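Here the structure is laid out as structure tokens; the discussion comes afterwards.
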Amino acid sequence: MTITPPDRFAPTLLDWFDRHGRKDLPWQQQPTPYRVWVSEIMLQQTQVAVVIPYFVRFMARFPALNDLADAPLDAVLALWSGLGYYARARHLHQAARLIRDQHQGVFPQDRQTIESLPGIGRSTAGAILSLALGQCHPILDGNVRRVFARCFGVEGWPGQAAVQARLWGLAEQLMPLERVGAYNQALMDLGATLCTRARPGCDRCPLAPSCVARCQGRQSELPQARPAKPVPRRETLLILARDPRGAVLLERCPPAGIWGGLWSLPQTAPDRDPAQWCRERTGAEPLRVEMRPARRHSFSHFTLTMRIAEIWAIAPPRGVADADSQRWFSPGELAGLGLPAPIRSILADQTAPSNADSNQPPAQEETK
DNA sequence: AATCCGGGGCA
DNA sequence: TGCCCAGGATT
């Protein structure tokens with residue numbers, strides 16, 4: 001193995017970046033702190049190719065930080081719909097208002113202040129300052145952790161405090177004094193395109209000659225995976241209530257917890273009687289109830305079985321179901337709402353016309 | 001079906 | 001300080 005001395009790490013990477021790195025991503029054009037911030041939050045949860053259209057739409061709607069701050073949260077959640085991790089959208093919005101109100105709408109330029117904003121930790125703060133302003137700060141996202149763990153043979157799960165400390169130490173040590181923005185971008189690019197979790201492209205990697213994992217053939221063992229846990233199952237009953245005009249009843253999820261702040265189909269315990277629920281909670285008169293095929297949705301920490309009761313009902317002309325937390329929506333209104341992806345999928349299926357299943361007996365068993 | 005993710009929140 | 005949590009995509 002040819003050793004790459006620590007002082008050659010950054011130059012090697014920068015040289016690779018100049019030849020192979022991506023420089024045409026939307027947030028790399030006019031890389032202001034605001035644009036880099038939004039892109040980093042989106043990229044925390046989603047891959048580049050998926051983020052691009054979301055980012056473009058977001059910037060078209062909120063070109064500057066104050067546009068975001070002045071917008072209602074619902075408008076932000078609607079543009080985030082499908083990205084997941086909706087708490088991040090809420091933090092983004094909340095932080096924009098903080099900057100508007102406490103920093104005259106100017107993005108702070110020191111790490112301490114930036115890190116105190118909701119949704120921004122050390123790595124995201126470092127990314128904003130280095131990519132947008134060229135300041136010297138290390139980053140340590142999932143891609144960079146993988147590059148370091150493999151290159152320097154860092155053992156242990158990166159979620160462990162001691163392992164994380166070691167990785168941050170490497171990040172600080174290896175950071176160059178010049179071109180830190182390009183260097184950080186290069187680290188992320190390398191992790192995203194070559195040093196991937198599965199089947200890394202070591203044959204094209206500039207760091208391969210000195211990479212510990214490569215040398216030992218342990219690319220698949222580093223970084224060490226998170227200790228596995230059993231995944232519990234949960235069950236819920238979704239109420240798909242429609243009135244004669246085709247409107248659907250939605251409820252807003254509580255701010256904390258799953259799908260926080262989003263509109264969703266009303267949920268109740270699987271053993272509740274849907275018709276009774278409908279009368280009590282909405283004042284709507286149920287005419288007919290049919291069970292639809294159940295759906296399953298997997299999260300990393302539990303599996304959710306969603307039973308679905310379809311209720312044809314007569315909505316009261318005005319009543320409890322017309323508030324900020326429970327409302328009837330016409331089909332045309334659904335597109336502009338912040339809806340969880342699985343709920344959007346159910347609504348698309350169940351409100352689509354021409355389904356032959358409208359004449360089939362109500363299904364009781366789970367699909368698949 | 002298993003894995004990943006940067007930061008918030010809470011015991 | 002050390003867990004637990006979130007919602008999709010990818011493999």
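Just so it is clear, the model here is predicted, and its values are computed rather than measured. Quick note on labels: first sequence line is chain A, next is B, and so on, each numbered from 1.
Going from the P atom of C:dG7 to that of B:dG9 covers 14 Å, rounded to whole Å.
Of the candidate nucleotides C:dG8, C:dG7, B:dG7, C:dG8 has the atom nearest to the side chain of A:Ala341. Of the listed nucleotides (C:dT10, B:dG6, C:dG8), B:dG6 has the atom at the smallest distance from the side chain of A:Ser123. For A:Ile258, counting side-chain heavy atoms from C-beta on, the closest listed nucleotide (B:dG8, C:dT10, C:dG7) is C:dG7. Of the candidate nucleotides C:dT10, C:dG7, B:dC4, C:dG7 has the atom lying nearest to any side-chain atom of A:Trp259. Distance from the side chain of A:Gln44 is smallest to B:dG7 among B:dG8, B:dG7, C:dT10. Closest approach to the A:Arg88 side chain among B:dG6, C:dG8, C:dT10 is made by B:dG6 (side chain taken as heavy atoms from C-beta onward). Closest to the side chain of A:His297, from the set C:dT10, C:dG8, B:dG8, is C:dG8. Proximity note for A:Thr124 (side chain, C-beta onward) versus C:dG8, C:dT10, B:dG6: the nearest is B:dG6. Set against C:dA9, B:dT3, B:dG6, the side chain of A:Arg197 has B:dT3 as its closest nucleotide.
A:Leu83 comes within 4.0 angstrom of nothing in the nucleic acid, heavy atoms only. Heavy atoms of A:Leu140 sit nowhere under 4.0 angstrom from any nucleic acid atom. A:Leu117 comes within 4.0 angstrom of the backbone, heavy atoms only, and of no base. Backbone-only engagement by A:Arg122 is indicated by non-hydrogen atom pairs under 4.0 Å involving sugar-phosphate atoms exclusively. Within 4.0 Å (heavy atoms only), A:Arg145 reaches sugar-phosphate atoms of the nucleic acid but no base atom.
Each of A:Arg226 and A:Pro342 has a nearest nucleotide on DNA chain C; the 5'-most of these lies closest to A:Arg226. Where A:Gly82 and A:Ala161 meet DNA chain C, the nucleotide closest to each residue was compared, and A:Ala161 sits on the side nearer the 5' end.
Side-chain N/O atoms of A:Thr12 and A:Asp15 include no donor and acceptor closer than 3.5 Å.
Put simply, OG1 on A:Thr268 and CZ on A:Arg272 are 4.5 Å apart, with the number rounded to the nearest 0.5 Å. Separation of atoms NE2 (A:His93) and CZ (A:Phe62) is listed at 7.5 Å; rounding is to 0.5 Å.
Rounded to a whole Å, the OH atom of A:Tyr54 is 11 Å from the C1' atom of C:dG7. If you take CH2 of A:Trp80 and P of C:dG7, they are 12 Å apart, rounded to a whole angstrom.
A salt bridge links A:Arg281 with A:Glu251; the closest basic N to acidic carboxylate O contact falls under 4.0 Å.
Of the residues A:Glu115, A:Gln44, A:Glu40, the one that meets the side chain to side chain donor-acceptor pair (under 3.5 Å) test with A:Thr124 is A:Gln44.
In terms of phosphate contacts, A:Tyr86 brings a side-chain nitrogen or oxygen within less than 4.0 Å of OP1 or OP2 of C:dG8.
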